[in-house]
Each structure stands twice: as structure tokens, then as C-alpha cells.
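Since the structure comes first, as C-alpha cells, the remarks are kept for the end.
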There are 2 protein chains.
Amino acid sequence: MNDVARQAGVSLKTVSRVVNGETTVDPALAARVREAVASLGYRPNLGASLLRRADQRTGTIGLLLPDLVSPFSAALHRAIDAEVTRRGAQVLSGNVGHDPARERDLAETFARQHADGLIITPVAARQSHLAPDIPAVFVDRRARGWPADTVLATNHAGAKQAVEHLQRHGHRRIAYIGTMPGARRHGYRRAMAAAGLVKVERNDPEQALLEAPTALFTESRTVTVAAIRALQAAGMQRRVALVGFDDFPLADLLDPGITVVAQDPVAMGRAAARALFERIAGGTAEPRVISIPTTLIARGSGEVAIRGS
Amino acid sequence: MNDVARQAGVSLKTVSRVVNGETTVDPALAARVREAVASLGYRPNLGASLLRRADQRTGTIGLLLPDLVSPFSAALHRAIDAEVTRRGAQVLSGNVGHDPARERDLAETFARQHADGLIITPVAARQSHLAPDIPAVFVDRRARGWPADTVLATNHAGAKQAVEHLQRHGHRRIAYIGTMPGARRHGYRRAMAAAGLVKVERNDPEQALLEAPTALFTESRTVTVAAIRALQAAGMQRRVALVGFDDFPLADLLDPGITVVAQDPVAMGRAAARALFERIAGGTAEPRVISIPTTLIARGSGEVAIRGS
DNA sequence: CTACTGCTAGACAACGTTGTCTCTCGATGT
DNA sequence: ACATCGAGAGACAACGTTGTCTAGCAGTAG
């Protein structure tokens, strides 16, 4: 900035004024300054600026996601990005990859980079490591040890709806496939108990098929795909019904099309971004949970007829 | 830092030493300092540190991708992330979304945040806007106006291989579907010309099918999926052959499985990260192009028998 | 017992920027 | 003609940190 001032023949402070778009500068001087800025390739030092400045905003939002490859995360990212960009800020994202240490490191990095706020799908056991002075919003999972707005799909209701859908199609031996505790599993249990049916819960489709179920309900996209493979390998894709939690691309092009409980990542992302901007603006309301409804999309695999045994 | 020094009863500089892990501090003092740091929730100011510091490294790599939703980008991101993390640095990524202005803004942001380097899939017409003092590596596309290492798939050879594969299966009316100029289209033309066949190039599968081709070669995943839909809609998925450029999840579960020319995003990401670290370390070799081979994966759609017409 | 060495810890300046204060100069009102 | 005012521009300090220099002190050799 010194060099710019020298080349433009003005004081340091005047350069600062021009760079910051203050109006109390003679247009002729301002032009000279801008010219010097361009010719020297001057770039303001964010750190120094932040150091001195009162308003600490950087226009940057940090996004921490556990899995970049998942279409759900990707859609969420895109929705958040759209909403944040619409408000003139930027999203920088980091890949946590289910590693608690990386969640901590990345959050720390964003904090040091003076992100205005964070949107996080928590993977660590507790989130108490987060910087207390940076607003955060959680999405897709609940956090622990750090009260903040949380955006969730209606996991329990969605799972219940999926199982009831299978029950309506006559299924009574419905297996749950998945490895996580949580609302989806709980929704399955609730629906099965309500109908007086025996619960069958397994970690993977191969194990589940040993129990001769007539229908499968899968906890997540990964498991759904594993189940499709297992059914195709056994040639049973038209004999055993399948409903998966979480939609995915090409689900409609498979044969049969895969019936899913679709989340709404666009609405979730938008809600998360909005909640975050409210916090950044100084909102101090009690932390709340925002629920985004799921939708059952019937495509065939969830409606295969039950075999007379 | 002042507060920490006061609480620990030491000087400012000693706190600095402890925070930076210098060894010339009495262990007892260091322990007092660390305790004070923890109890006050002190977080060093990156900006101020960078301001004073000689070594300007931040351990941060910026990644600019055009499309988060594409499995190729996601895989690339993951591979880069793995390689960068392995070297103790972090990746922060931004979604450019095919918008040249956002490419510029995000690159600018990363520059201001003192990223050590950038990995970019260029979308803008020219990359001359990039900060000259920050090493950059391009991946998946060539840049213009900014010489740097570039990692590319063997697009020309891959396309040629795909078309030759179809020719070997007896196809003579092979349509190219895609909208971009470039090496893939050029590879198609080369292979067709070499076999003395008539080129049919169209923007979308519906138009291409009007020409009654016996085989389709699609330029990218998006187009491949559109072609699958079109073929299924017309019930022709077993009569018209299809080879797509770029692999995608579930390609093997479709019926027929989709034959593709697979890129190797893992190798590409790793190569890009390695090239970048060489530049960061001060490598000044002539910019080079690193080619990563593609592989044809036969799954059925590219091998459907040609109908005796 | 003195001079020297080695090591720890503090004082001070400087990094690049901006908030505040002050100065200059021309315009306005009486 | 004189006092007053406002707008534009510069001087200066301060933000939080670290590189450099120096002071203090204990241990060691002569």
C-alpha cells in the first residue's frame, strides 16, 4: 500500500480510502490511485485489515461435510452455496470424512480464517471444541455439547412411513439393514411394534437375506446400493421388496426402479443457511430444531407383490 | 495474548514462544502458559501472525471445482484431499458452478486468505486474473493465459478407443452426442475418419436417434445418463449400443450395464496435488502437462450385437 | 576469584492496515 | 472584510503477533 501511495503521489490513508470505497476522495486522485493499484498488482492484506478493523466480517461461511461423494452431501452443499451466494457471501468447504480430529482441525482453521459462521454435519462425539465466538448451525445430525440451531430430515417419521408402506403391500417379515442407532432405526421399530410384527435388524443385506424376509428397509444410500447388489446377485429383485432411506441419482433407471424415502437437501441447505445468517446478524433466540419433511417416492421396488409362500 | 501473559505471569514473548512450540522455555513456565491459554480460550490471530512472520505458509490449499454434484469432481476432491492431508495441510474448496465471475472471486478470496496454492478446474475464458504469487495447478481442463502444470485425462485417446471398440463390434453408424468442442469430439472424428465412416454429431440423444444410428458415444456423464433415459424410453437399450465417457456409480447395476471410458480421478487428483506441492516447494521447471490414462470398461451396453438391418 | 559460555526470558520495533484527530483551503454568510 | 463552516487529505497510533537484541543468571574453565 505504501508503494501504491508513492506511485500515485498520495498518502497511505488516501489509498486506504479509495480501496475501501469511501466517498470523500477527489475523483481525480481516486483514479490515480486505482491506476497505481492495477499497475502494481496490489492486493490488500486481509489479516492486517481485520486486525485494525472494527467490523470483523469476512463474507465467508465455512461448511464441514463428512462425505463429499454422497449425492446428499453434494446437493446440500449446492443448496447452501446458492443461498449464501445470493446474500453476497462465499462458502468455503472442508471434507471431514468421518474423522473427529479433522472436524476439529477444520473448524479451527475456519475460526482462524475469521469465517463469519459455520455449517456442520457433526461427526465427532462432542462439538464442545467449537469456537464459542463463531455462530454455527448443524445439519443432518444433532450435535452434542454445543447448543445451536439444527436442521434435520424427519428421520423417524420417514422411516415409519417406509415400513408402513411395505406393510400396506402385505409384508410382515420386513428387515432393517443398517449399522447406526438413531431415529431411522427407531422409526422402523415403532412401525413394526405398532403392527405387532417381529423385528429383524442386520448390519448388511447378506445377513438379512438369511432370515428370508419379504421386504427390506435400508438405512442409507450406501446400504441401499449394497442391498440392490445383493438382490440382483441372488436374482431376487422382483421377489423381495426394497425401500431405501435417501434418494439417489439413477434410482429410477434401475429395474425395478428403487422406491425411496427422499430427503429434501435443497430445503435443508436453505434452512441451514438462513438460520446461520440470522445468528450472524445477532439473533439470540433459543436454539431450535428445524425439521424438513421426507417424501416417499414409489418406483417399483417397494411395491413388488408379496409371494404366496 | 496479553491476557494470557498476565494470567500466567510471564511476558508476551514467552507466550508466543510457547504457542509456537519453541524449546527454549522452562517447562514449568510453559505449563503455566498452556493452562492460561486453555482457561481463557485463547486463539492466536492468524492475520497478525502472518503479518509479522517470515514464513508465510498457512498449510492451506484452495480447490476450485465447477460442479460439486458430479461424481468425477467428488472423486477428484477426495483424492486431492487425501494427498494434501497426508502432507499435513488442509484443503478448502469452493464451488464455481461454471460461473467465470465466481472463479475469479473465489481465487481472490483464497489469495487473500493466504492459501499456499490452488488447484483449479478452469471455467473462465482466461485465467490471467489469478494472483501471480500463488502457485496453481490446473486439472481436467487446460487454462489460458496462465502457464502452469496441467493434469488431464487422455481425452483424445479415450474417445478414439471408445469409437474403435464400437467399430470392432460391427458398428458403422456411430453418433457422437455432446455439446463441447475439444479432445473427446476430436478423438471421435479421428476414429471415424480413419475407418472411412460418416460422422454424426448431435447435441442431445433425441436428435441423434433420429439419424437411426446403431451406436452412440456420449461425451460426458450428464449426456450418458440422458442417452440411457432416451434409449429406455424408446425401448431400444438392447438394440443401440452405448459407450459413455466418464464412469459413474451404478453403471454396472443398470440393464444392460453401461460400458464406459473411465477416467482415473484418484490418479489425477494425486498427480495434481503432487505437482502443486513441488511448485510450493519452489520447483521452477517448465510447466508440463500430465496425462492420466483412461480405461475402457465393458459392461454390456457397448457390446450389444448389431442388428442385421 | 575472575572471565567466559550457554541458556532463558523480557524489551522493543515492525508487519500492513484503518479509526481518529488535525490541518488546509475554498466557499458561505453577515 | 471577517468569522464560520465543511470537505478533502495527511499524521499518528494501534490492532496482535514475532524477529532481534539485550539482560540476567548459573555453570565451567583458567
Side-chain angles (χ1 to χ4, degrees), chain A residues 1-38 40-60 108-115 131 133-134, chain B residues 1-38 40-60 108-109 111-116 131 133-134:
Chain A
M1 198 179 237
N2 252 314
D3 303 340
V4 174
R6 205 173 315 122
Q7 170 153 347
V10 299
S11 80
L12 204 60
K13 181 66 215 196
T14 299
V15 177
S16 168
R17 279 192 256 261
V18 172
V19 168
N20 288 288
E22 293 181 33
T23 54
T24 65
V25 181
D26 185 71
L29 278 193
R32 281 227 307 282
V33 170
R34 266 189 284 270
E35 196 179 322
V37 164
L40 293 171
Y42 162 78
R43 180 162 11 103
N45 182 316
L46 221 202
S49 172
L50 251 37
L51 203 52
R52 195 60 182 81
R53 231 189 182 97
D55 172 14
Q56 294 281 65
R57 296 289 159 72
T58 56
T60 291
E108 174 75 15
T109 295
F110 280 123
R112 277 212 286 255
Q113 308 255 10
H114 300 272
D133 52 342
I134 297 182
Chain B
M1 199 179 237
N2 251 314
D3 303 341
V4 174
R6 204 173 315 123
Q7 170 152 346
V10 299
S11 81
L12 205 58
K13 181 65 216 196
T14 299
V15 177
S16 168
R17 279 193 255 262
V18 173
V19 168
N20 289 289
E22 292 181 32
T23 53
T24 64
V25 180
D26 185 72
L29 278 194
R32 281 229 306 283
V33 169
R34 267 189 283 272
E35 194 179 323
V37 164
L40 293 171
Y42 162 79
R43 180 167 6 106
N45 182 317
L46 220 203
S49 172
L50 250 37
L51 204 52
R52 195 64 183 79
R53 232 190 181 97
D55 173 14
Q56 292 281 67
R57 295 291 158 72
T58 56
T60 291
E108 174 74 18
T109 295
R112 276 213 286 257
Q113 308 254 9
H114 300 271
D116 293 345
D133 52 343
I134 299 181

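Numbered from 1 within each chain, the chains take letters A, B, ... in sequence-line order.
Regarding A:Arg53, its CZ atom lies at a distance of 16 Å from the P atom of D:dG16, rounded to whole Å. The distance between atom CG of B:Asp3 and atom C1' of D:dT17, rounded to the nearest whole Å, is 14 Å. Across the protein-nucleic acid pair, B:Arg17 atom CZ and D:dT20 atom P stand 12 Å apart, rounded to whole Å. Distance CZ (B:Arg6) to P (C:dG10): 15 Å, rounded to an integer number of Å. When rounded to the nearest whole Å, the span between CE of A:Met1 and P of D:dA9 equals 15 Å. Residue A:Asn45 contributes atom CG, which lies 18 Å from atom P of C:dA14 at whole-angstrom precision. Between the CZ atom of B:Arg52 and the P atom of C:dA13 there is a distance of 12 Å, given to the nearest Å. Taking atom NE2 on B:His114 and atom C1' on C:dC15, their separation rounds to 11 Å, with Å as the unit.
Proximity of A:Asn20 to A:Arg53: side-chain heavy atoms (C-beta onward) are separated by under 4.5 Å at one or more points.
Each of D:dT17, D:dA9, C:dG16 was ranked by its minimum atom distance to the side chain of A:Thr14; first place goes to D:dA9. For B:Leu51, whose side chain is taken as the heavy atoms from C-beta onward, the closest listed nucleotide among C:dT17, C:dG16, D:dT18 is C:dG16. Closest contact between the side chain of B:Leu12 and the listed nucleotides C:dG16, D:dG10, D:dT18 involves D:dT18. Proximity note for A:Lys13 (side chain, C-beta onward) versus D:dT17, C:dG19, C:dT17: the nearest is C:dG19. You'll find that the side chain of A:Ser16 is closest to C:dT18, out of D:dG16, D:dT17, C:dT18. The side chain of B:Val10 lies closest to C:dG10, out of C:dT17, C:dG10, D:dG16.
By the 6.0 Å contact criterion, CD on A:Glu35 is open, its count of non-hydrogen atoms from other residues, nucleotides or ligands being 12 or less.
Considering A:Val18, A:Val19, A:Val15, A:Thr14 in turn, A:Val15 is the only one that fulfils the side-chain contact (heavy atoms from CB on, under 4.5 Å) rule with A:Val4. Between B:His114 and the choices B:Ile134, B:Thr60, B:Thr58, the side-chain contact (heavy atoms from CB on, under 4.5 Å) rule is met once, by B:Thr58.
Proximity of residues 22-32 of chain B to DNA chain D (heavy atom under 4.0 angstrom from any strand atom) is not detected for any residue.
A distance of 11.5 Å separates CG in B:Leu51 from CG in A:Leu46, rounded to the nearest 0.5 Å. Distance check: A:Leu12 CG to A:Arg17 CZ gives 10.5 Å after rounding to the nearest 0.5 Å. To the nearest 0.5 Å, atom CZ of residue B:Arg57 and atom CG of residue B:Leu50 are 11.5 Å apart. Residue B:Arg6 holds its CZ atom at 13.5 Å from CE of B:Met1, rounded to the nearest 0.5 Å.
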- Item | Under 4.0 Å protein heavy-atom contact, by nucleotide of nucleotides 23-28 of chain C - B base, S sugar-phosphate only | ------

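Taking only side-chain nitrogens and oxygens, B:Ser11 comes nearer than 4.0 Å to OP1 or OP2 of C:dG10.
Taking all atoms of both residues into account, the shortest heavy-atom contact from B:Arg112 to A:Pro44 is CD-O, 3.9 Å. Scanning both residues, B:Gly9 and B:Arg32, for their nearest heavy atoms gives O-NH2, 3.8 Å.
Within the nucleic acid shown, A:Asn20 comes within 4.0 Å of sugar-phosphate atoms alone, with no base atom in reach, counting heavy atoms only.
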